[in-house]
Amino acid sequence: MLKKITFFFSHSKQVFPFISTHSYTRQLTSSSYPPNPPSLNTLISSGNLNYALLEMALQGCEMGFRDYDTILNECVSKRAFREGQRVHAHMIKTNYQSPVYLRTRLIVFYTKCERLEDARRVLDEMPERNVVSWTAMISGYSKRGYDSQALNLFVQMLRSGTAPNTFTFATVLTSCTGAFGFDHGSQIHSLIVKCLFESHIYVGSSLLDMYAKAGKIHESRGVFEGLPERDVVSCTAIISGYAQLGLDEEALGLFRRLQREGMTYNYVTYASVLTALSGLAAFEHGRQVHNYVLRYEVPSYVVLQNSLIDMYSKCGNLTYSRRIFDTMSERTVISWNAMLVGYSKHGKGRKVFELFELMKEENKVRPDSITLLAVLSGCSHGGLENRGLEIFDEMMGRIDGVEPTIEHYGCIVDLLGRAGQVEKALEFIKQMPFEPTVAIWGSLLGACRVHLNVDIGEFVGTQLLEIEPENAGNYVILSNLYAAAGKWEDVQRIREMMKEKAVIKEPGRSWTELDQTLHTFYASDRTHPRKEEVFGKVRDLSARFKEAGYVPDLSCVLYDLDEEQKERILLGHSEKLALAFGLINTPEGKPIRVMKNLRICIDCHNFAKFVSMVYEREVSLRDKSRFHHIIRGVCSCGDYW
DNA sequence: GTAGGGTTAG
């Protein structure tokens with residue numbers, strides 16, 4: 001199938017008007033000494049909080065509503081916790097009867113200073129509350145990620161008979177995430193409809209985002225299309241909804257449509273567009289976005305740089321990623337993680353380790369759970385088993401360190417399995433404080449296949465088929481293992497089981513970029529306009545490679561067919577079609593880049609090695625989880641993935 | 001006095 005992404009940044013002048021930054025300095029003229037001592041409000045608004053507080057104390061001040069209001073406002077904007085606390089104490093000491101308005105300010109003050117318990121105490125002690133005080137507290141919980149507290153408080157608010165307003169709904173919907181997000185969110189949606197707020201732009205964008213995050217993209221789109229007006233946030237929310245679900249082409253298509261319709265965008269929109277481009281590995285398009293972003297320096301520039309690091313890495317160009325990383329004036333933990341993950345997925349274990357050391361040395365940003373995942377997986381794939389184990393032990397032993405999750409344990413299973421220590425990996429699984437997941441069994445099964453451990457492989461495979469009988473991939477790996485061990489009866493048995501139970505979820509799809517167009521191929525594709533030419537090329541390649549020693553791995557086909565038919569199926573694999581297409585259309589010596597939506601099969605991996613040897617081409621193949629850089633028949637993955 | 005979208009992994 002031919003999918004062309006139109007060159008959607010071609011009208012740069014209208015689309016991205018040049019943004020000039022004006023800076024001007026305002027000379028503050030110093031006035032003569034004031035004839036009268038400054039009033040409390042003047043002191044506060046001049047920003048001299050401490051002086052204001054001192055005045056307050058010295059005068060044993062009779063503070064009024066306006067004084068408290070102004071000073072608390074100042075404390076909120078400066079996040080001045082100690083000072084605000086003193087103001088609160090002053091209110092209590094002088095027995096000031098705060099109105100709802102000021103108590104709400106106190107709630108906001110405490111939530112902004114991340115003192116949720118203090119904020120809640122203020123709310124709980126209020127003699128009367130209104131919708132704003134409830135919403136301020138709900139918002140405090142939501143922003144800090146205390147979703148269940150936010151939802152509980154929302155329910156309490158409803159029970160108290162206070163009607164939510166648009167602020168409340170827009171806020172509380174952001175806490176509808178995770179396992180029950182959709183249940184809560186759709187109930188709240190009903191309330192919104194009843195209150196006639198469905199068309200409200202803030203409520204609507206929060207609502208469509210809730211649906212998108214729950215994976216209900218049709219509902220999300222429905223809300224979006226029903227909005228009477230659109231703005232940058234609602235447009236970005238729907239685009240990012242598609243992108244985050246991996247519906248990259250849809251995200252870009254919608255972006256183009258909205259762009260034609262005159263949508264405005266900002267750095268968040270760019271970040272979402274980059275996510276979609278990364279998914280497609282659309283290098284040239286990504287580079288264009290980079291060009292525009294360079295002119296779009298905003299305070300959140302670091303977010304965009306993080307997206308760019310990731311985009312270049314997912315497009316196979318780590319050099320560009322590192323260049324951005326090195327020139328950043330400020331780095332967040334995400335910047336480090338994006339770079340570390342990049343090295344790790346490209347199989348560059350030593351680079352991962354070096355960068356991690358640099359991160360610790362710089363000591364500006366604390367490693368988090370994702371950092372450790374990247375480092376452990378990098379060590380595992382880069383042959384640095386001992387380093388990986390050391391880091392894991394260190395992590396377990398430290399109080400201030402990262403709490404190990406099941407994923408971290410999974411990395412260690414992978415690391416041991418990859419190093420050939422299959423028994424040790426099994427022991428490790430048995431001692432974990434977690435129930436093993438399908439990912440963990442799957443990783444060990446892969447190790448059993450590579451290291452030909454049929455006994456453990458059988459045990460692991462059986463566990464896996466029980467937990468996840470519908471996943472066709474598990475049958476394939478187990479069958480590969482039996483085939484490699486020459487146990488043909490078992491291969492037959494697995495094939496029968498698969499026919500009975502397995503569901504092939506997603507069809508294999510590969511694509512390659514040529515002249516800013518993505519050419520997509522499905523297995524045994526009959527839709528691409530140049531299919532005859534491509535199939536012919538694959539057949540030629542196969543014949544040529546056989547002379548050089550290529551033997552088709554028929555164990556990758558689980559259908560009950562004769563050998564000739566099996567070979568025909570193998571030759572129709574989408575990766576081979578995309579590789580052949582790349583060979584036809586690119587000049588000699590140019591690296592070939594192919595992307596695949598699933599994991600690459602053993603036979604195609606081997607086929608790609610022959611492409612690299614016979615044609616002396618570098619082949620870069622990105623599958624679902626990692627890169628395979630193949631040079632002269634040797635793959636960066638070390639034949640283990 | 002209260003509000004919506006974003007970047008790393010899976």
Heavy atoms from C-beta onward define the side chain here; which of [options] lies closest to that of [X]?
X	options	answer
A338(A)	dT7(B), dT8(B), dA3(B)	dT8(B)
T166(A)	dA3(B), dG4(B), dG1(B)	dA3(B)
K112(A)	dG4(B), dT2(B), dA9(B)	dT2(B)
T104(A)	dG1(B), dA3(B), dG6(B)	dG1(B)
S139(A)	dG4(B), dA3(B), dT8(B)	dA3(B)
A170(A)	dG6(B), dT2(B), dA3(B)	dA3(B)

Which is true for [X] with a 4.0 Å heavy-atom rule: it touches a base, it touches only sugar-phosphate, or it touches nothing?
X	value
N73(A)	nothing
S234(A)	base
L208(A)	nothing
V76(A)	nothing
L373(A)	nothing
N130(A)	base
V333(A)	nothing
K624(A)	nothing
D231(A)	base
T275(A)	sugar-phosphate
S307(A)	sugar-phosphate

Separation of [X] atom [atom1] from [N] atom [atom2], in whole Å?
X	N	atom1	atom2	answer
R66(A)	dG1(B)	CZ	P	13 Å
F167(A)	dG4(B)	CZ	C1'	11 Å
E198(A)	dG4(B)	CD	C1'	15 Å
L376(A)	dT8(B)	CG	P	20 Å
L372(A)	dT8(B)	CG	P	19 Å
W336(A)	dA9(B)	CH2	C1'	18 Å
F109(A)	dT2(B)	CZ	P	14 Å
L277(A)	dG6(B)	CG	P	17 Å

I want to check one thing: is the phosphate of [N], taken as OP1 and OP2, less than 4.0 Å away from some side-chain N or O of [X]?
X	N	answer
S240(A)	dG6(B)	yes
K314(A)	dA9(B)	yes
K345(A)	dG10(B)	yes
Q244(A)	dG5(B)	no
K143(A)	dA3(B)	yes

Margin query: Has D69(A) got a side-chain atom pairing as donor or acceptor with F65(A)'s backbone, closer than 3.5 angstrom?
Written below: no

Notebook entry, point to check: Quick one: side chain to side chain contact (heavy atoms under 4.5 Å, CB included) partners of S142(A), sequence neighbours excluded?
Noted result: I138(A), A150(A), T171(A), T174(A), S175(A)

Next item on the list: Output all residues satisfying side chain to side chain contact (heavy atoms under 4.5 Å, CB included) with D310(A), sequence neighbours left out; order by chain, then residue number.
Entry: S278(A), K314(A)

Note to self: Is it the case that the ring center of Y96(A) lies less than 6.0 angstrom away from the ring center of Y68(A)?
What the structure shows: yes

Is any side-chain N of the basic residue among [X] and [Y] closer than 4.0 Å to the acidic one's carboxylate O?
X	Y	value
E74(A)	R105(A)	no
E83(A)	R86(A)	no
E114(A)	R79(A)	no

Next item on the list: Measure distances between side-chain N and O atoms of N266(A) and base N and O atoms of dG5(B), and say whether any donor-acceptor pair falls under 3.5 Å.
Entry: yes

Margin query: If you go through the side-chain atoms of S206(A), does one of them form a donor-acceptor pair with the base of dG4(B) closer than 3.5 Å?
Written below: no

